[in-house]
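Quick caveat: nothing in here was measured; it's all calculated off a predicted structure. As the structure lists them, so they are numbered: ligands from 1, and atoms in each ligand from 1.
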Amino acid sequence: MFLILLSILTGFYKPLLGLKSKNLTIGVLVPMTGSWSGGKACKPALEMALERVNRDPRILPEYHLNMEVSDSQCKPGVGTSLFYDFLYSEPPKMMVLSGCSVVSTFISQAAKLWNIIVLGYGSSSPSLSDRRRFPSFFRTHPSATLHNPARIKIFQKFGWSRIATIRQKEEVFSSTEEDLVKRIKAAGMEIVTRQEFLSNPSNAVANLKRRDARIIVGMFYENLARKVFCEAYKNKLYGKRYVWFLVGWYPDKWYEKPDPEVDCIPVQLKLALEGHFTTEAEIIHQDRLARTVSGMTSAEFKTELDRRLNYRTDVSGYPEAPLAFDAIWALALALNKTEKNLQNFQYSREDISQKIYSSMNATHFLGVSGIVAFSSEGDRIAWTMVEQMTNGTYNTLGCYHQMSDNLSWLGVERWIGGHPPPDHTRIITSPKVIPSNVFLTFTLLAGGGVCFGIFCCIFTFLNRYRMCIVDSQPVMNVLVILGCIISLMAVPLFGLDQNYISPETFTVICQLRAWCLLAGFSVGYGALFSKVWMVHRINTKTKGKTINSSELYAVFILIQTINVIILTSLQIKDPLFRQLLIFDLEVPTNTDEDIKLRPQLEFCDAKQMSIWLGVTLGFNGVILLFGIFLAFETRSVKLQNYKDSRSVAIAIYNIMVLVSISLPLCFIISKQHVAKYAFVAGCVLLSCYLSMGFLFLPKILVIMRSTESARDVRFLEDNQTQDGEECSLHQSLESENEDLKISIQQIENKLVVLNRQLIQKSYQRVYLSVRQRENRAYMISRLNSDEDNSC
Ligand code: ABU
């Protein structure tokens, strides 16, 4: 009992009694300047740990642990040089502690050759996990790849699948990014762009903007982070549309650090950084009251560290200080396990090195940074903390444990726009449709036209015995109305779009449109054409020849037959179908949401639209032009049975004018759907209204007026009289009239000749009577003279 008590007391007081008399030395590289000057806070933590280890009688009871500290400046060259200084100066270093990844990477590759173990307290580079390259490297700092599963989990949580990365050109970041990209792809997400830069991030940030990156993972040291966010500020790559993910090891208020290389003020950086997320391994043990191997709680550690740092938390390396503290403890415990012959350590002693290595591998203790254990790759296994910067300070959002794939989320995140932003501009389909008021107006006008057509039909029927109806081919006039009604039905069909009908129905409507418009034109214009054709035929017939009135119907039927053949064959061979015209993206003006509109227009198309247009327009264009020619030729002809031929001609002129204006214009404004609809519907309405108006209004007026005065009314007595009979009667009267004219002319000529003869004869008679009188006078005078002589 006494012996046990003595041994305990001796153990406890050994250091006080100067019993830790043998010295062991470790080399420590601390980056006090450079891209990560974490030594500023880590060095006091290392010193704290060393003091405690040296004071602790249980740890290396015979040995006093010393450390040789050098500033690596976080530069590989400087770090390597200092490492060799350690190696070539006495005493031999039991281990080397290293901060920055860039330094650790260099020295750890050589360390194995010297049988020396390197322990990283501030090295996050994933490549350091490569046991073949770095066989004697351990670290208390978790690998940066630890962040990546947490990042993926957060992307999935908020439905982000388009991720962009931007990183500094350093192995520590490239290996982290490669791991992230692999995980992103494995999770079925998309990498929008991967940007890298050496020291000037302006182009890389501008590229992020150009590629419309929204969810951006940034990997760079603190000094370059200020530059990146200055560029982000300039490029407006911040705010409610963007979410940045950064590493979580920058100290508090890092963006306020004066930096002559950054031409942004802290307020601007703060604005650009607002709302960004960080991920970092849990670096301080969350149970603040739990006693760690050092005998300190994490809270006590923090208090002591703060005291040593004069209560400044914005010191580089402040978050990693617990790792530095635990690194000393990890090496002390490992050396403690290997206690034998440590003082004999030389770089040539592979056996001692191997023992230290095995002890390091078996490390497992509760440190101020949490459980310290090394995986087979020499990595720490830890929780990942997720934080967000709100109003310039970091707030914890949750933590993630990779092993259990468990994300504990507090749900206290803040979004500038009030909700998580989408990972890309949402493209909303915006169908280009005919406004309802326009559609309704034209449909009502078409309805009005149909009503007027029906009225004209009834009017024609009721007044079928009146001369002005009978004398104007009423059947053809009714066919004109029928054509107009069919054409007018196409007006609402042209306005039906995705507002009212499904895409499948649209295809049917396309075909109906074509049939309505062409059938309407064919029937309506066919009737007008037949009439003008007949007028021309009668007017130009050779004398003595009669024109059969059935020719009128033959012409009409021929036009219909040709059009039906054309339409049916096109319908069978190449039916019209629905096609979509996609326009350029538009920014909506009525919302500041991150959306863009993709206008799309439905239209009717055929596989060979040129054939459709060529055939239909070709034939109907020819009869339209021919109709114009005939109308012009017969402009002053008035025939008994075609009294309204002038109205027919005017209707044909109108149709011609409207068709020749509307057709090319429709092609020109084909993408302006409303204008095109208004134009097509307007032309159909105008041509129908005008054709019906010109044909029927004069008749209506005449009949109305004649009904009032009862003067012009001429009823046909025989309602059986046929149009054909009328026509032939008229023709025979005409030829009789011609013959009579000729007879009159002949008689007149005869009269002239007779008159002339008469005048000659009367002259002769006058001459003879004068001569007679003269002779008589002479005879009398002779007789008188003879009597005188005899007397
Ligand atoms: N947490 C600091 C990491 C620094 C580095 O890996 O270089």
Side-chain angles (χ1 to χ4, degrees), residues 28-43 45-46 71-80 82-83 96-109 118-130 133-134 137-148 150 167-180 217-225 245-252 254 257 278-284 313-327 368-370 377-380 382-385 387 394:
V28 181
L29 294 173
V30 281
M32 301 304 281
T33 51
S35 7
W36 182 67
S37 52
K40 285 176 184 163
C42 288
K43 192 167 166 251
L46 292 166
D71 176 12
S72 71
Q73 299 169 33
C74 200
K75 287 180 183 158
V78 177
T80 312
L82 292 172
F83 176 67
V96 171
L97 266 65
S98 165
C100 278
S101 294
V102 285
V103 174
S104 302
T105 310
F106 272 79
I107 62 171
S108 315
Q109 287 182 99
V118 178
L119 178 55
Y121 58 89
S123 313
S124 62
S125 174
S127 52
L128 287 167
S129 300
D130 185 347
R133 255 178 92 191
F134 311 102
F137 180 79
F138 291 90
R139 54 181 163 189
T140 50
H141 196 300
S143 162
T145 51
L146 200 81
H147 303 212
N148 292 339
R167 66 168 176 84
Q168 187 181 345
K169 267 189 191 164
E170 284 291 358
E171 195 181 15
V172 47
F173 302 117
S174 65
S175 47
T176 312
E177 191 216 22
E178 255 156 44
D179 178 74
L180 178 67
V217 182
M219 291 168 243
F220 23 74
Y221 280 117
E222 182 196 320
N223 57 339
L224 286 173
F245 280 77
L246 302 185
V247 290
W249 37 261
Y250 304 151
D252 284 349
W254 59 272
K257 214 175 264 182
T278 63
T279 46
E280 184 54 23
E282 188 194 50
I283 269 168
I284 185 110
T313 54
D314 59 344
V315 184
S316 274
Y318 185 81
E320 292 85 354
L323 300 173
F325 185 88
D326 285 344
V368 289
S369 63
E377 279 85 35
D379 285 340
R380 277 289 296 276
W383 284 74
T384 308
M385 297 289 293
E387 293 184 331
Y394 286 109

Of all the atoms in ligand 1, which lie at a distance below 4.0 Å from a heavy atom belonging to [X]?
X    : value
S123 : 6 (O)
C100 : 7 (O)
S124 : 3 (C), 5 (C), 6 (O)

Review point. Based purely on interatomic distance, does H141 place a nitrogen or oxygen under 3.5 Å from a nitrogen or oxygen of ligand 1?
Key: yes
**Study point:** Residues that S174 engages under side chain to side chain contact (heavy atoms under 4.5 Å, CB included), provided they are two or more places apart
**Key:**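 With sequence neighbours excluded, S174 shows a side chain to side chain contact (heavy atoms under 4.5 Å, CB included) to R167, E171, given in chain and number order.
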Can a donor-acceptor pair be found between the side chains of [X] and [Y] at a distance below 3.5 Å?
X    : Y    : answer
S369 : D326 : yes
R139 : S98  : no
S101 : S125 : no

**Study point:** Point-to-point distance, once rounded to the nearest 0.5 Å, from OH of Y394 to CE of M385
**Key:** 13.0 Å
Check your understanding: Quick one: does S127's side chain get under 4.5 Å of D130's, heavy atoms only?
Key -> no
Point to revise | pair F220-L246: side-chain heavy atoms closer than 4.5 Å | key: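 Heavy-atom side-chain distance check passes, below 4.5 Å.
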To which protein heavy atom is [atom] closest, and what is the distance rounded to 0.1 Å?
atom                   : value
atom 2 (C) of ligand 1 : E320 OE2, 3.1 Å
atom 7 (O) of ligand 1 : Y221 OH, 2.4 Å
atom 3 (C) of ligand 1 : G122 O, 3.3 Å

Check your understanding: Any heavy atom of G38 sitting closer than 4.0 Å to ligand 1?
Key -> no
Check your understanding: Quick one: does ligand 1 sit under 4.0 Å from the side chain of S101, the backbone, both or neither, non-hydrogen atoms only?
Key ->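 Both parts.
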